[in-house]
Amino acid sequence: MAGLSILSHGFLIGWAVLTTLPLAWALVSSLKSDSEILSDPWGLPSDLRWENFARAWGAAHIGRYFLNSAIVVSGALVLTMLFGAMAAYVLARYRFRGARLVYFVFVGGMMFPVFLALVPLFFVVRNLGLLGTLPGLILVYAAYSLPFTVFFLTAFFRTLPTSVAEAAMVDGCGHFRLFFQVMLPMARPGLVSVAIFTFLFQWNQYVLPIVLMQGEGAEKRWVLAQGLTALAVNEGYQGDYSGLFAGMTIAMLPVLIGYVIFHRQVQNGLAAGQMR
């Protein structure tokens, strides 16, 4: 048992190093000059060059891409959590014909590769007049996030005690009030957990915006992943590597901050779904 414990701890330490080292290297490189990055890529910066972030935010338009990503992810996250929670609650707490079929359709959506739907998705969004628009991207993000949300929350809603719902119904609570005022607050750990996973998926999405952000003036509505790709290609010829690393750091900050703030809620939500 001692050897197994040492092996498991060693594996976790190695995994932590492999995960944090690239993040730390990108952060350190964002505070260095281009000559320091090329001559001493693993060294510490001689001076903290915060102007790299200002240059990336303004000159490289990272601020615009960041705002677009925030709008798209915020809208898609609200739609995903609202409709996903409602669908999961109905599938978990109500019995009707076809419920299992609907549930397995959502589960099957998790196994469907996004690459197989890109061509028909492009034409559907174009026919709706939403190609190259932020609302179109919001709807597509929400649609692709729903299967995992419904799958996760259905299992969580099934663990909630039925006695509370029955008592609320006896007291005259309708189905609408029961869901929003009783069941949703009880499901808060699960909602926070799935919201974090959904946020990570949507914030780091690259394939969907590349396909759907087409048309005249679409570059003004690019999300952060597209902007960073364009910045990497352009800076590869211009040599502004410090600005590129600064842009990468700006893109990583929301994810890191979100994890630091909500990591305990994610752990509690996963544990609650297993123990109840």
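Every value quoted in this text rests on a predicted model; they were computed, and no experiment measured them.
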*Just do the side-chain contact (heavy atoms from CB on, under 4.5 Å) check on S242 and E36 with the steps written out, would you?*
CA-CA 9 Å; S242 57; E36 288 178 325; over 6 Å; no
*Atom of Q181, atom of P185 and distance for their closest heavy-atom approach*: O-CG, 3.5 Å
_Do Y144 and L116 sit in one hydrophobic cluster, given that two such residues count as connected whenever their side-chain heavy atoms are within less than 4.5 Å of each other, even indirectly?_
no
_Under a 3.5 Å distance rule, please check whether S30 uses its side chain to pair with a backbone N or O of L27 as donor and acceptor._
yes
*asked:* To the closest 0.5 Å, what do you measure between OG1 (T229) and OH (Y206)?
replied: 4.0 Å
_R221 (side chain) donor-acceptor with N68 (main chain) under 3.5 angstrom_ = no
*Counting only heavy atoms not in F151, do more than 12 sit closer than 6.0 Å to its CZ atom?*
no
*Do L200 and W15 belong together in a cluster built from hydrophobic side chains that touch within less than 4.5 Å?*
no
*Under 4.5 Å between any side-chain heavy atoms of T149 and F106, yes or no?*
no
*For Q205 and V207, indicate whether the former's side chain and the latter's backbone hold a donor-acceptor pair under 3.5 Å.*
yes
*First locate atom CG of L12, then atom CG of L7, and finally report the distance between them rounded to the nearest 0.5 Å.*
9.5 Å
*Where does the angle between the aromatic ring planes of F179 and F157 fall among parallel (under 30°), tilted (30 to 60°) and perpendicular (over 60°)?*
tilted
*Can you find a pair of side-chain heavy atoms, one from Y65 and one from V223, that are under 4.5 Å apart?*
no
*Taking every non-hydrogen atom, the tightest pair across T80 and L146*: O-CD2, 3.8 Å
*What are the two closest non-hydrogen atoms of L153 and A88, and how far apart are they?*
CB-CB, 3.5 Å
*Should M81 and V194 count as side-chain neighbours, where that means a heavy-atom distance under 4.5 Å?*
yes
*Is there side-chain contact between L121 and L208, with heavy atoms separated by less than 4.5 Å?*
yes
*asked:* Does the plane of the ring in F245 sit parallel, tilted or perpendicular to the ring in W25? Use 30° and 60° as the thresholds.
replied: perpendicular
*asked:* Quick check: closest heavy atoms across L178 and A168, and the distance to 0.1 Å?
replied: CD1-CB, 3.8 Å
*Are any side-chain N or O atoms of W203 and backbone N or O atoms of A251, one a donor and one an acceptor, separated by less than 3.5 Å?*
yes
*Spell out, yes or no, whether L130 and L118 are grouped together once hydrophobic residues are joined by side-chain heavy atoms under 4.5 Å, including indirect joins.*
yes
*Parallel, tilted or perpendicular: ring planes of F180 versus F176, cut at 30 and 60 degrees*: tilted
*asked:* Tell me the closest heavy-atom pair linking L191 and A85, and the distance in Å.
replied: CD2-CB, 4.2 Å
*Are F199 and V255 close enough that some pair of their side-chain heavy atoms sits under 4.5 Å apart?*
yes
*State, to 0.1 Å, how close A246 and N52 come at their nearest heavy-atom pair, and which atoms those are.*
CB-O, 3.6 Å
*Find out if a path of hydrophobic residues (ILVMFWY) with successive side-chain heavy-atom gaps under 4.5 Å connects W222 to V211.*
yes
*Would you call L228 and I62 a side-chain contact if the rule is heavy atoms closer than 4.5 Å?*
yes
*Give me the ring orientation class for F148 and F152: parallel if the planes are under 30° apart, tilted from 30 to 60°, perpendicular past 60°.*
tilted
*asked:* Within the structure provided, determine whether S145 and Q202 are in side-chain contact (heavy-atom separation under 4.5 Å).
replied: yes
_Are V73 and M252 linked, directly or through intermediate hydrophobic residues, by side-chain heavy-atom contacts shorter than 4.5 Å (ILVMFWY only)?_
no
_Exactly one of L79, V125, T133 should register a side chain to side chain contact (heavy atoms under 4.5 Å, CB included) with L139. Which one does?_
L79
*Flag if over 12 foreign heavy atoms under 6.0 Å of CZ, F11*: no
*Would you mind reporting whether M213 and L134 have side-chain heavy atoms less than 4.5 Å apart?*
yes
*How many angstroms lie between CG in L256 and CD1 in I261, if you round to the nearest 0.5 Å?*
11.0 Å
*Derivation and outcome, side-chain contact (heavy atoms from CB on, under 4.5 Å), residues Q214 and F122*: CA-CA 10 Å; Q214 305 288 339; F122 174 86; 4.1 Å; yes
*Pairwise distance CH2(W57) to CZ(F66) - rounded to 0.5 angstrom*: 5.5 Å
*Stepwise, does the side-chain contact (heavy atoms from CB on, under 4.5 Å) test hold for M183 with V164?*
CA-CA 9 Å; M183 304 308 293; V164 177; 5.6 Å; no
*Given the rule in the side-chain contact (heavy atoms from CB on, under 4.5 Å) test, do I210 and Q226 qualify, once you have shown the distances and angles that lead to the verdict?*
CA-CA 7 Å; I210 283 292; Q226 291 176 279; 3.8 Å; yes
*How many angstroms lie between CG in L244 and CD1 in I37, if you round to the nearest 0.5 Å?*
8.5 Å
*For the atom pair OH (Y89) and CZ (R158), what is the distance rounded to the nearest 0.5 Å?*
13.5 Å
